[in-house]
Number of protein chains: 2
Amino acid sequence: MTRANEAWESLMRAYAVLTKQFNAEDVWGELTMREYDVLYQLSKCDGPLRMSELNRHVLLSQPALSRMVDRLVERGLVRRCPDPGDRRGVRLSLTPAGRDTQRAIGRPHARSVARALSVLTPEELDQLAAITGKLSQNEEQ
Amino acid sequence: MTRANEAWESLMRAYAVLTKQFNAEDVWGELTMREYDVLYQLSKCDGPLRMSELNRHVLLSQPALSRMVDRLVERGLVRRCPDPGDRRGVRLSLTPAGRDTQRAIGRPHARSVARALSVLTPEELDQLAAITGKLSQNEEQ
DNA sequence: TCGTGATTAATGCGTTTGCATCTACCCTAA
DNA sequence: TTAGGGTAGATGCAAACGCATTAATCACGA
């Protein structure tokens, strides 16, 4: 077993353990964690986001994301507008209600995250962010 | 945004990007990535594994895991035996065919992993493993 | 011994997912 | 201008998922 494989396994394990822990917390209200993730990704970019761009950051297949956006639009949390420059495309953005919901859930969730990662030193947090950032950068081989 | 939150987001992003990348590789044959994960977890422990223990390491709800094991048993890859010490429990282990399948898929997948993580130095790999290991250790708050 | 609460895994059921496919649109080159 | 290949996102459908609940067993104290 190489070092790379051990590192990946350890990363997966941390992701699984922490995700389960966060999911068990009682902060999600009317959303699932996956739905929150979509709202969060949209909240980060001020401008509207393309479906395909959003799909790159979310762990869902393209059809699953398409339908999840359907539901979020129906619930009044997300807006789906045609892209003026590309009539195939779609521009997604949060509605005010969507932004409120994201914030209301994001606050306590951020506290959970901070608590779970409080076992790390500030240096380790920086190292973790730097290393994982490097990993997601070279998206294509 | 605290350092902890940035680190967690970066970790999530790396997990999403790499998972999608691995999933797109043509190495999974008759298994899904989630099914492979179950076989892999079983392959790591030589002794039989309890359902609840396995569920701790896999990103699936308890009922979903129960039914996935059903399918894997039906396909002859996993054995489900009663636990002699606790008649509520179940002991899971790989069949020879399950072990073969895990190895056949694990080899090329391990190469994909090594390639994807080759952007990191050996020191970074060690740091990543150490830090994520620390994260999954304090499983309970 | 018995009863109460906790734990383990399975099942009913409505919802969500992924795969394959489809439609609509973009883009380049002949 | 138009044909052909590529890309964006939606849809049909079977499979898989999560939530809530159940059945069976354990464990401990009265």
Side-chain angles (χ1 to χ4, degrees), chain A residues 16 19-39 41-42 48-75 77-93 139-140, chain B residues 16 19-26 28-39 41-42 48-75 77-93 140:
Chain A
T19 296
K20 287 200 166 201
Q21 197 172 300
F22 296 148
N23 195 45
E25 311 233 7
D26 190 24
V27 302
W28 302 106
E30 54 190 346
L31 296 183
T32 64
M33 247 174 81
R34 285 177 158 183
E35 288 167 339
Y36 172 76
D37 192 25
V38 168
L39 294 194
Q41 297 298 337
L42 288 176
L49 205 58
R50 285 293 289 267
M51 202 73 151
S52 53
E53 192 61 32
L54 177 58
N55 195 196
R56 200 161 298 133
H57 302 328
V58 166
L59 211 42
L60 276 176
S61 70
Q62 177 270 315
L65 177 60
S66 182
R67 275 187 261 242
M68 174 174 289
V69 168
D70 275 354
R71 279 170 255 137
L72 294 172
V73 168
E74 192 139 6
R75 289 161 68 179
L77 301 173
V78 169
R79 216 184 343 252
R80 179 156 32 189
C81 305
D83 186 323
D86 183 347
R87 282 192 296 169
R88 296 167 302 177
V90 163
R91 295 161 75 80
L92 301 172
S93 53
E139 203 153 337
E140 53 288 296
Chain B
T19 296
K20 287 200 166 201
Q21 197 171 300
F22 295 147
N23 195 44
E25 310 233 6
D26 190 24
W28 302 106
E30 54 190 345
L31 295 183
T32 65
M33 247 174 81
R34 286 176 157 183
E35 287 167 339
Y36 172 76
D37 192 24
V38 167
L39 294 194
Q41 297 297 336
L42 288 176
L49 207 57
R50 287 293 290 266
M51 203 73 151
S52 54
E53 191 61 32
L54 177 58
N55 195 32
R56 201 161 298 134
H57 302 327
V58 167
L59 211 42
L60 275 177
S61 68
Q62 177 270 316
L65 177 60
S66 181
R67 276 188 258 242
M68 174 174 288
V69 168
D70 275 355
R71 278 171 257 137
L72 293 172
V73 168
E74 193 139 7
R75 290 163 67 180
L77 302 173
V78 170
R79 216 185 340 253
R80 180 157 32 190
C81 305
D83 185 324
D86 182 348
R87 283 191 297 170
R88 297 167 300 178
V90 162
R91 294 161 77 81
L92 301 172
S93 53
E140 53 288 297

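Values in this document were obtained by computation on a predicted structure and should not be read as measured data.
For the pair Arg87(B) and dC26(D), the criterion of a side-chain N or O lying under 4.0 Å from OP1 or OP2 is met. Close to dT17(C), at under 4.0 Å from its OP1 or OP2, lies a side-chain N or O of Arg71(A). Taking only side-chain nitrogens and oxygens, Ser66(B) comes nearer than 4.0 Å to OP1 or OP2 of dA10(C).
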Going through the distances and angles, do Arg80(A) and Met51(A) end up as a side chain to side chain contact (heavy atoms under 4.5 Å, CB included)? CA-CA 9 Å; Arg80(A) 179 156 32 189; Met51(A) 202 73 151; 4.0 Å; yes
Which is it for Met68(B) and Val58(B) under the side chain to side chain contact (heavy atoms under 4.5 Å, CB included) test, yes or no, and what are the steps along the way? CA-CA 11 Å; Met68(B) 174 174 288; Val58(B) 167; over 6 Å; no
Might you work through the side chain to side chain contact (heavy atoms under 4.5 Å, CB included) test for Leu31(A) and Arg75(A), ending with a clear yes or no? CA-CA 11 Å; Leu31(A) 296 183; Arg75(A) 289 161 68 179; 3.5 Å; yes
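Nucleic acid contact for Arg67(B): base, since at least one base atom lies under 4.0 Å from a heavy atom of the residue. Contacts of Asp83(B) with the nucleic acid, taken as non-hydrogen atoms under 4.0 Å apart, are absent. Within 4.0 Å (heavy atoms only), Ser52(A) reaches sugar-phosphate atoms of the nucleic acid but no base atom. At the heavy-atom level, Arg80(A) lies under 4.0 Å from the strands shown only through sugar-phosphate atoms. Note on Leu60(B): only backbone sugar-phosphate atoms sit closer than 4.0 angstrom, heavy atoms only; bases stay farther off.
With a 4.5 Å cut-off on side-chain heavy atoms, Ser52(B) and Gln62(B) do not count as touching.
When the nearest nucleotides of DNA chain C are assigned to Asp86(B) and Pro63(B) by heavy-atom distance, the more 5′-ward of the two goes with Asp86(B). Toward the 5' end of DNA chain C, the nearer of the two residues Leu59(A) and Glu53(B), judged by each one's closest nucleotide, is Glu53(B).
Nearest nucleotide to the Asp70(A) side chain, out of dT11(D), dC26(D), dG12(C): dT11(D). Distance from the side chain of Arg88(A) is smallest for dG6(D) among the nucleotides dC19(C), dG9(D), dG6(D). Ranking dA10(C), dA10(D), dG18(D) by closeness to the Ser61(B) side chain, first place goes to dG18(D). Distances from the side chain of Val90(B) to the nucleotides dA9(C), dG9(D), dA20(D) place dA9(C) closest.
Computed from coordinates, the Met33(B) CE to dT17(C) P distance equals 17 Å when rounded to whole Å. Atoms CG (Leu31(B)) and P (dA15(D)) sit 17 Å apart, rounded to a whole Å. Between Glu35(A) atom CD and dC17(D) atom P there is a gap of 18 Å when expressed in whole angstrom units. The interatomic distance linking Met68(A) (CE) with dG18(C) (C1') rounds to 13 Å, in whole Å. When the P atom of dT16(C) is taken as reference, atom CD of Glu74(A) falls 11 Å away, rounded to whole Å. Between Asn23(A) atom CG and dC17(D) atom P there is a gap of 15 Å when expressed in whole angstrom units. Between Trp28(B) atom CH2 and dC19(C) atom C1' the separation is 17 Å, expressed in whole Å. Arg34(A) has its CZ atom 17 Å from the P atom of dT15(C), to the nearest Å.
Side-chain atoms of Lys20(B) do not come within 3.5 Å of backbone N or O of Ser61(A) as any donor-acceptor pair.
The side chain to side chain contact (heavy atoms under 4.5 Å, CB included) test with Asn55(B) is passed by exactly one of Val69(B), Leu65(B), Val38(B): Leu65(B).
In this model, no side-chain donor or acceptor of Gln62(A) finds a partner on the base of dA8(D) within 3.5 Å.
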